[in-house]
Amino acid sequence: MTDAGDIGRMAGRGLRWSLLGNLVMKAGSFGMSLILARLLVPEDFGVFAIALAASQFVVYINDAGVIASTVQWRGKLEEVAPTATVVAILSSSVLYGVFWVIAPFYAGFAGSEDATWVIRILMATNLVYGLTAVRSAALMRRFEQDKLAWANLAGFAANASVSITLAVGGAGAYSFALGQLSGAAVTGVLVLVLARVRFRLGFDRAQAARLLAFGLPLCASLGIEGLLLNMDMVIVGDALGAVWLGFYLLAFNISSWVPGLIGTAVRYVALPSFSRLAEEGGESMRDGVRQAVPLLASMVLPIAAVMGTLAPSVVEFLYGASWLPAAQVLRFLAIVMAVRMLTLLVTDILAALGRTKATMWVNLCWAVVLVPALLAGARLDGIEGAAVAHAIVAVFVALPLLAVALRGSGLSARLFGAGLARPLLGAALAAGVMAGLSVVIDGAFAELCVAGGAGLLVFVFVVVPRAVLERLVRQGRAHAGL
């Protein structure tokens, strides 16, 4: 029988591999985006964004919650694997069939009928995910995230090779779709082999009911979250066309770097940590919040300040002057990014307290307000108007809703405000310094180095306690003396 210490060690090893794999994947994706931005035109990015919005929404609900249900299954995996495999395959196949039929209508609604076959190709990746869902869950269940990491990295290598080769050959938006499908196929084959779970099909009605009872509510919540993350792509594409959507997608991708890297670490660590604190009592939970909120804010807000203040330099340095229209979008999506990161933390805290319905209602209300706001913003002021609307709704709708949800859980919103106060002050002062220096500095690289560096230093001096800074200075001097 495995004791708690063994589980902790296995979980820690799995976490390290997950974070390492995610870091390498994000770095590789960033490098690939730099190359493709120089091989393709904004319209290609826009067409792909339309297809990606559909695919990314479906991926949240693709397996009907089978992966999560299988990971937490009480009993032997071999007993439920045949039924779980059938449920996942049926769910992904039905969704693929639906989107195959509606692809022309969806593409036309989103502003580019050229996206129809890109959608159909890209959505096929979700068929692969459905086929491999139970095997992926088996690797997670056994804390074999190292095998998942290697499979994903091999798939990314195939994705990058195919995408870049096709882009050089002039395949346009199909470069993205065929590259991702190739990568998913490679990853899928490796997962099937590495999982060491015999591939059998079967169906037990009682097992299926248990799987769906756990998985479907989770799908509903995640589906709403998927809408929040992707509805702006559809609305911007419909209102402004594929070219401007391409600029919007680039800014969105840049703003997603932090959730992609830090957000993954938060999701792996926050939920189990706060679950344990919740078991110990209210004061332990409040102490955990006091520590977690300023820590998260200190990681996220300085990056948001750089993105928001030096957006033109970030875009020009990384992607070239031809992509500068994306900079005005990035200024406001940086705000959305910061709110999203806080939302992730609050969601995990509420889940640890057993209040999962509260987060579902927050996301639902957020989505209901966001849709008309994005429509109005895009039609009034193009992609910048859509980004402004997104930021306004995040700050003035999502944050108050989170405060209400927290109040119902017994945690005061003031507790979060106290943790955010110093990081917010530091970010504001850093943004002021960067804005002032950017006026007198020429060149994107120089602005990022001088203005960005000065702003980050200001943030550190304001946010990091003096005792910690003095200790770091002493340690630095000691190492220099050696």
Side-chain angles (χ1 to χ4, degrees), residues 22-49 52 156 159-160 163-164 167-168 172-173 175-176 179-180 232-233 236 242-264 299-338 340-341 383-384 386-387 390-391 430-431 434-435 437-439 441-456 459:
N22 188 62
L23 179 62
V24 174
M25 288 275 289
K26 292 298 180 183
S29 298
F30 169 63
M32 187 174 77
S33 72
L34 293 180
I35 296 172
L36 292 177
R38 285 160 173 78
L39 294 173
L40 303 173
V41 297
E43 185 176 3
D44 295 326
F45 275 75
V47 170
F48 176 66
L52 185 64
F156 172 75
N159 178 6
S163 295
I164 293 171
V168 171
S175 308
F176 295 105
Q180 291 212 7
D232 50 350
M233 301 295 177
V236 170
V243 174
W244 286 106
L245 178 56
F247 290 119
Y248 191 94
L249 175 64
L250 188 78
F252 180 85
N253 286 342
I254 295 173
S255 71
S256 298
W257 292 343
V258 175
L261 289 172
I262 300 175
T264 300
M299 291 189 291
V300 171
L301 290 179
I303 302 173
V306 171
M307 286 184 180
T309 308
L310 303 179
S313 298
V314 171
V315 173
E316 183 177 358
F317 175 68
L318 294 176
Y319 296 98
S322 61
W323 289 94
L324 274 175
Q328 297 306 315
V329 177
L330 180 58
R331 291 188 188 279
F332 298 99
L333 291 188
I335 299 172
V336 178
M337 176 272 291
R340 278 181 58 198
M341 291 300 300
I383 56 174
E384 185 176 353
H390 214 327
M434 288 186 285
L437 290 175
S438 66
V439 175
I441 298 173
D442 291 327
F445 181 71
E447 276 191 24
L448 291 175
C449 290
V450 178
L456 292 178
F459 183 87

Engineer: Can you name the residues that form a side chain to side chain donor-acceptor pair (under 3.5 Å) with Glu447, not counting sequence neighbours?
Structural biologist: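 Only Ser313 meet the side chain to side chain donor-acceptor pair (under 3.5 Å) criterion with Glu447.
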Engineer: Could you list the residues that satisfy side chain to side chain donor-acceptor pair (under 3.5 Å) with Ser175, not counting sequence neighbours?
Structural biologist: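 For Ser175, no residue satisfies side chain to side chain donor-acceptor pair (under 3.5 Å) once neighbours in sequence are set aside.
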Engineer: Kindly give the heavy-atom pair with the smallest separation between Gly179 and Asn159, and that separation in Å.
Structural biologist: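 Minimum heavy-atom separation between Gly179 and Asn159: C-OD1, 3.0 Å.
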Engineer: Got Met307 and Ile254 here, is their nearest side-chain heavy-atom distance under 4.5 Å?
Structural biologist: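 In short, these two side chains touch, coming nearer than 4.5 Å.
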Engineer: Please report the interatomic distance CZ(Arg340) to CD1(Ile335), rounded to the nearest 0.5 Å.
Structural biologist: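 Nearest 0.5 Å value for the CZ-CD1 distance: 14.5 Å.
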Engineer: Can you tell me how far apart CZ (Phe252) and NE2 (His390) are? Round to the nearest 0.5 Å.
Structural biologist: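 Output value for this atom pair is 7.0 Å.
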Engineer: Tell me, please, which residues at least two apart from Asp44 pass side chain to side chain donor-acceptor pair (under 3.5 Å).
Structural biologist: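 Result, side chain to side chain donor-acceptor pair (under 3.5 Å) vs Asp44: none returned.
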Engineer: Just jot down the side chain to side chain contact (heavy atoms under 4.5 Å, CB included) partners of Ala454, sequence neighbours excluded, or say none.
Structural biologist: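 Partners of Ala454 by the side chain to side chain contact (heavy atoms under 4.5 Å, CB included) criterion, ordered by chain and then number, come out as Val433, Leu437.
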Engineer: Nearest 0.5 Å please: distance from the CG atom of Leu245 over to the CG atom of Leu249.
Structural biologist: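 Rounded to the nearest 0.5 Å, the CG-CG separation comes to 6.5 Å.
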Engineer: Without placing hydrogens or testing angles, list every side-chain donor-acceptor pair under 3.5 Å for residues 324-334, not counting sequence neighbours.
Structural biologist:
residue: Gln328; atom: OE1; partner: Arg331; partner atom: NE; Å: 3.4
residue: Arg331; atom: NH1; partner: Gly308; partner atom: O; Å: 2.9
residue: Arg331; atom: NH1; partner: Thr309; partner atom: O; Å: 3.3

Engineer: Is Ser438 reaching over with its side chain to a backbone N or O of Ala435, donor-acceptor style, under 3.5 angstrom?
Structural biologist: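 A pair under 3.5 Å: yes.
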Engineer: Once rounded to the nearest 0.5 Å, what's the spacing between atom CD1 of Ile441 and atom CG of Leu448?
Structural biologist: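 So the CD1 of Ile441 and the CG of Leu448 are separated by 10.0 Å.
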Engineer: Which heavy atom of Met434 sits nearest a heavy atom of Ala451, and at what distance?
Structural biologist: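 What the structure gives for the nearest pair is CG-O, 3.0 Å.
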Engineer: List in chain and number order the residues that pass ring pair (Phe, Tyr, Trp, His ring centres under 6.0 Å) with Phe459, two or more places apart in sequence or in another chain; answer none if no residue qualifies.
Structural biologist: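 Residues passing ring pair (Phe, Tyr, Trp, His ring centres under 6.0 Å) with Phe459: none at all.
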Engineer: Testing the basics here: between Val315 and Trp323, what is the closest heavy-atom pair and its distance to 0.1 Å?
Structural biologist: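 Closest approach of Val315 to Trp323, heavy atoms only: CG1-O, 3.2 Å.
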Engineer: For the residue pair Trp244 and Phe247, does the interplanar ring angle fall in the parallel (under 30°), tilted (30 to 60°) or perpendicular (over 60°) class?
Structural biologist: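 Aromatic pair Trp244/Phe247 classed tilted.
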